[in-house]
Amino acid sequence: MRACRAGFSGFPRQGGPERTVDTMDIFADFSARVRATIERLGWKAADGSALDLSRVVVEPPRDAAHGDLAVNAAMVLAKPMGQNPRQLAIQLMGELAADPDIAETEVAGPGFLNLRLAPGYWAGFLAGVVRAGDQFGRGVSGKGKVNVEYVSANPTGPMHVGHCRGAVVGDALANILAFAGHDVTKEYYINDAGAQVDVLARSAHLRYLEALGRDIGEIPEGLYPGDYLKPVGAALAAEFGTAFEGKPEAEWLATVRQKAIDAMMAMIREDLAALNVVHDVFFSEKSLQTGPEGDRVARAIDTLTAAGLMYEGRLEPPKGQLPEDWEDREQTLFRSTQFGDDVDRPLKKSDGSYTYFASDIAYHLDKYLRGFANQIDIWGADHGGYVKRMQAAVRAISGSKAALDVKLCQLVKLFRAGEPVKMSKRSGSFVTLRDVVEEVGVDAVRFMMLFRKSDAPLDFDFQKVTEQSKDNPVFYVQYAHARVHSVMKQAAEQLPGLDLSDAGLAAADLTLLNDAGELGLLKRIAQWPRVVEGAAESHEPHRIAFFLHDLASDLHAHWNRGKDLPQLRFVNVDDPLSSHARLAMVKAVASVLASGLAVLGVGAPKEMR
RNA sequence: GGCCCCGUAGCUCAGGGGAUAGAGCGACAGCCUUCUAAGCUGUUGGUCGCAGGUUCGAUUCCUGCCGGGGUCGCCA
């Protein structure tokens with residue numbers, strides 16, 4: 001928390017002094033006031049020791065009838081203080097009632113202290129939001145480095161829809177963390193070292209022969225059949241002529257493999273760009289062994305050995321179906337059970353090469369050495385069994401100084417007008433990421449992928465997400481943003497005398513906002529900073545999407561109240577002062593919608609077409 | 001069998017130690033001389049899978065069970 005927060009005494013009142021842009025989190029503001037009040041009251045535990053205030057929270061009450069803020073302090077502290085919660089609440093209420101920003105206080109239920117804020121406070125808050133613009137809700141910077149690794153699809157073909165969710169979730173989460181004040185690096189781990197890229201190379205070599213005019217017949221089982229390798233074959237033929245024809249694999253594999261990987265990564269980057277996903281770092285798995293720094297996998301294993309975490313031993317055969325080629329042998333094992341894994345893990349295959357896990361340990365060690373004690377990986381749910389060992393590894397290689405959080409993304413099921421879309425990998429008729437983006441647009445794809453908890457399965461209906469109706473949350477939220485711009489345009493025409501600049505709006509008499517719908521909108525807006533912080537801390541980007549939907553809903557609802565009650569309309573020629581205040585309010589709504597959508601990587605259109 | 005995720009309204013899903021558990025869809029009843037009806041309002045609808053435990057308070061946390069999905073050395 002910044003030092004200047006000390007002495008913070010609320011938002012500027014109308015005509016009051018300018019205040020530096022803070023997080024403008026009213027809940028944090030009053031939380032600080034409550035804590036200060038508790039200290040002033042000299043509350044102590046029953047045994048005279050200091051109280052633990054960590055569970056004291058100020059939050060929006062579930063029911064608007066309970067006011068603007070709910071304080072649980074009396075209930076949480078009653079036991080350690082050995083006092084009656086309602087009496088404590090009354091004592092606290094007496095102190096807080098003197099705060100000019102608090103209009104009403106009430107003790108309710110088992111010991112809640114409910115607060116209603118003064119109109120002047122809300123007015124100052126809204127003025128601050130309008131002035132802050134897209135900075136409102138942004139967390140205080142300096143929260144430290146965090147690395148988000150996502151997508152990391154194998155460079156063996158174009159991205160398909162299965163990769164889509166992880167890509168969007170990772171990208172949005174990284175944006176949220178950055179907005180919340182972290183120093184974020186977006187990273188992609190290129191799996192360019194295993195057997196699969198050799199298969200890719202052989203597949204490309206076949207296409208190379210095809211480009212030379214040879215009859216290659218059917219693509220054999222086990223190779224990649226997709227047409228996307230034809231241009232790679234043609235490029236190889238153009239560059240190398242017949243040099244690789246009829247030669248043993250050893251003479252061409254490495255070259256063809258690198259060319260093919262480069263081509264695949266170029267394609268994947270284009271796919272990602274179409275999804276509005278841009279990584280800061282593309283990290284090559286292969287470079288861990290062949291890079292200028294030597295064999296970093298070996299060094300990672302050395303690190304574990306030095307920590308006494310490697311030993312020679314035997315593993316129990318896996319339960320369930322025994323692999324056919326299971327051999328019981330003594331091998332070098334990583335003591336991952338010491339960090340919560342289920343069994344110890346081998347880092348070398350029987351042929352002496354490293355396991356995928358070994359490389360991954362080296363990679364995560366590399367991230368740690370680059371200063372990332374805070375690491376997040378986004379994986380498909382089918383990799384769930386890998387989580388514990390990777391977390392164990394991160395703790396092991398960092399001496400428990402680094403932590404890894406893994407977000408698992410469940411499957412996306414595709415539908416078209418309610419009918420499942422069938423996909424067959426065998427026939428190559430899988431739906432690519434590019435197909436989806438081109439059909440429904442990047443905004444719809446991204447928003448829908450985020451409009452669900454990532455660990456819950458997601459149904460994605462091509463038809464529904466392009467529908468222009470309230471059933472389509474993408475449209476619904478974007479429309480709310482566009483609606484505000486339409487209102488502002490109307491206002492400029494009908495009330496040309498009003499200053500609609502941010503400064504002008506912030507200077508309006510905002511205490512005129514006193515309708516329940518208007519106050520409801522202000523309260524919703526006020527939650528934006530804590531929603532951002534919550535989404536960032538819990539690593540749950542869907543919270544942003546749901547919040548935006550709620551905010552849009554509030555706006556649409558209030559807009560419609562103007563039908564029955566024309567005096568509530570935003571633009572009211574007979575009442576320019578109220579109009580001015582309301583325009584400030586809708587401008588703040590639009591501003592929050594715009595920054596929320598920006599964080600999700602979704603466009604905020606000024607008009608719907 | 002071990003581990004992980006999920007189980008909340010008829011359906012799709014939010015919420016997550018606190019007050020009377022929410023939204024959308026569906027169904028039913030309304031609202032367009034209007035700042036965009038591309039929308040809104042109201043009604044209907046729940047034993048928060050089951051059973052214990054922790055707590056002043058559990059739908060939320062813990063344990064067990066039931067049901068659904070995923071996964072289980074040398075694929076990545």
Side-chain angles (χ1 to χ4, degrees), chain A residues 55 57 59 61-63 65-66 70 72 75-76 78-79 85 108-112 114 152-154 156 189 191 193-197 199 285 315-323 325-327 329 331 333 341-357 359-360 380-388 406 408 410-411 451-453 455-459 467-473 475-476 478-480 482-484 486-491 493-494 542-543 545-546 549-550 553 556-564 566 569-573 579 582-583 586 607-608:
Chain A
R55 291 175 60 218
V57 292
E59 48 188 7
R62 194 164 279 187
D63 188 337
H66 293 137
N72 71 349
M75 289 180 297
V76 171
K79 192 168 188 187
F112 283 104
N114 293 326
S152 300
N154 291 337
T156 55
Y189 184 48
N191 299 133
Q196 293 197 9
V197 286
V199 173
E285 176 188 0
L315 280 180
E316 295 278 315
K319 295 276 177 359
Q321 201 172 9
L322 193 69
D325 56 349
W326 174 265
E327 48 177 312
R329 65 182 174 89
Q331 52 190 335
L333 297 169
D341 198 4
D342 302 317
V343 290
D344 292 334
R345 304 288 175 179
L347 300 185
K348 281 187 178 178
K349 301 178 193 173
S350 49
D351 67 359
S353 64
Y354 299 122
T355 59
Y356 179 79
F357 184 44
S359 296
D360 223 353
D382 53 340
H383 290 68
Y386 197 74
V387 173
K388 278 191 189 176
V406 180
L408 296 178
Q410 284 290 344
L411 288 180
F451 201 58
R452 187 114 311 173
K453 247 183 330 198
D455 49 12
L458 170 73
D459 292 346
E467 233 168 58
Q468 300 218 328
S469 79
K470 64 172 177 165
D471 302 343
N472 177 359
F475 170 79
Y476 188 77
Q478 289 187 321
Y479 178 45
R483 176 165 260 173
V484 171
S486 169
V487 168
M488 297 304 286
K489 222 167 90 183
Q490 286 286 335
E493 285 169 16
Q494 295 181 28
H542 74 275
R543 294 192 190 196
F546 278 96
H549 192 261
D550 288 344
S553 176
H556 289 312
H558 192 64
W559 189 92
N560 274 276
R561 274 179 210 120
K563 274 190 323 206
D564 294 334
R569 292 184 190 174
F570 303 144
V571 179
N572 211 328
V573 186
S579 297
R582 289 167 185 169
L583 290 166
V586 295
E607 58 183 341
M608 305 302 286

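Lettering follows sequence order; numbering is per chain, from 1.
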For the residue pair A:Phe546 and A:Arg452, what are the closest heavy atoms and their distance?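 Looks like CE1-N, 4.0 Å.
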With a non-hydrogen cut-off below 4.0 angstrom, is [X] in contact with a base, only sugar-phosphate, or nothing?
| X | result |
| --- | --- |
| A:Arg483 | sugar-phosphate |
| A:Ser350 | base |
| A:Ala193 | nothing |
| A:Lys348 | nothing |
| A:Ala108 | base |
| A:Glu467 | nothing |
| A:His383 | base |
| A:Tyr476 | sugar-phosphate |

Could you state the atom-to-atom distance from [atom1] of [X] to [atom2] of [N] in whole Å?
| X | N | atom1 | atom2 | result |
| --- | --- | --- | --- | --- |
| A:Asn114 | B:A19 | CG | C1' | 9 Å |
| A:Gln196 | B:C74 | CD | P | 12 Å |
| A:Phe570 | B:C40 | CZ | P | 13 Å |
| A:His556 | B:G24 | NE2 | P | 12 Å |
| A:Arg561 | B:C35 | CZ | P | 19 Å |
| A:Asn560 | B:C32 | CG | C1' | 10 Å |
| A:Glu59 | B:U60 | CD | P | 18 Å |
| A:Glu607 | B:C35 | CD | P | 17 Å |

Are A:Phe112 and B:A19 stacked, counting the six-membered base ring, centres under 5.5 Å, planes under 30°?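 Stacking between A:Phe112 and B:A19: present.
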Would A:His66 pass as stacked on B:A19, i.e. its ring centre under 5.5 Å from the base's six-membered ring centre and planes under 30° apart?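 The base of B:A19 is stacked with A:His66 (centres under 5.5 Å, planes under 30°).
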Excluding sequence neighbours, so at least two apart, what forms side chain to side chain donor-acceptor pair (under 3.5 Å) with A:Arg483?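 In terms of side chain to side chain donor-acceptor pair (under 3.5 Å), with neighbours along the sequence ignored, A:Arg483 is linked to A:Tyr479, A:His556.
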Residue pair [X] / [Y], side-chain heavy-atom distance below 4.5 Å:
| X | Y | result |
| --- | --- | --- |
| A:Leu333 | A:Gln331 | yes |
| A:Val199 | A:Thr156 | no |
| A:Tyr386 | A:Val406 | no |
| A:Gln490 | A:Phe570 | no |
| A:Phe112 | A:Pro110 | yes |
| A:Gln478 | A:Met608 | yes |
| A:Arg345 | A:Val343 | yes |
| A:Val571 | A:Leu583 | yes |

Go through [options] for me and flag the one nearest to the [X] side chain.
| X | options | value |
| --- | --- | --- |
| A:Lys349 | B:C56, B:C75, B:U41 | B:C75 |
| A:Arg62 | B:A76, B:A19, B:C40 | B:A19 |
| A:Asp382 | B:A76, B:U55, B:G70 | B:G70 |
| A:His542 | B:U36, B:G73, B:A14 | B:A14 |

Identify, between A:Ser152 and A:Asp342, the residue whose nearest nucleotide on RNA chain B lies closer to the 5' end.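 Of the two residues, A:Asp342 wins.
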Considering heavy-atom distances to RNA chain B, does A:Ala381 or A:Pro110 have its closest nucleotide positioned more toward the 5' end?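 First, find each residue's nearest nucleotide; the 5'-ward one identifies A:Pro110.
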Step-by-step side-chain contact (heavy atoms from CB on, under 4.5 Å) determination, A:Phe357 to A:Leu347: CA-CA 6 Å; A:Phe357 184 44; A:Leu347 300 185; 3.6 Å; yes
Identify all stems in which RNA chain B takes part, counting only runs of at least 3 consecutive pairs (Watson-Crick or G-U wobble, each distance under 3.5 Å), and give each as one range with another, ordered by first number.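 Consecutive-pair runs (3 or more) involving RNA chain B: B:1-7 with B:66-72, B:10-13 with B:22-25, B:26-31 with B:39-44, B:49-53 with B:61-65.
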[N] and [M]: how far apart are their [atom1] atoms, nearest whole angstrom?
| N | M | atom1 | answer |
| --- | --- | --- | --- |
| B:A51 | B:A14 | C1' | 27 Å |
| B:U12 | B:C5 | P | 22 Å |
| B:A27 | B:U60 | C1' | 31 Å |
| B:U8 | B:A58 | C1' | 14 Å |
| B:A23 | B:U41 | P | 10 Å |
| B:G70 | B:G10 | C1' | 28 Å |
| B:C48 | B:U43 | P | 23 Å |
| B:C56 | B:G22 | P | 26 Å |

Tell me whether the OP1 or OP2 atom of [N] has a side-chain N or O from [X] closer than 4.0 Å.
| X | N | value |
| --- | --- | --- |
| A:Gln490 | B:U34 | no |
| A:Ser486 | B:U36 | yes |
| A:Arg569 | B:C35 | no |

Annotated protein contacts, base or backbone, on nucleotides 5-13 of chain B with a non-hydrogen cut-off under 4.0 Å, one of B, S, - each: SS-----SS
N/O donor-acceptor pair, side chain A:Asp63 with base B:A21, under 3.5 angstrom: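 No, no donor-acceptor pair under 3.5 Å.
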Under a 3.5 Å distance rule, please check whether A:Asn154 uses its side chain to pair with a backbone N or O of A:Asn191 as donor and acceptor.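 Here the side-chain-to-backbone pair does not exist.
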What form does the base of B:C5 take, syn (within 90° of 0) or anti?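 Glycosidic conformation of B:C5: anti.
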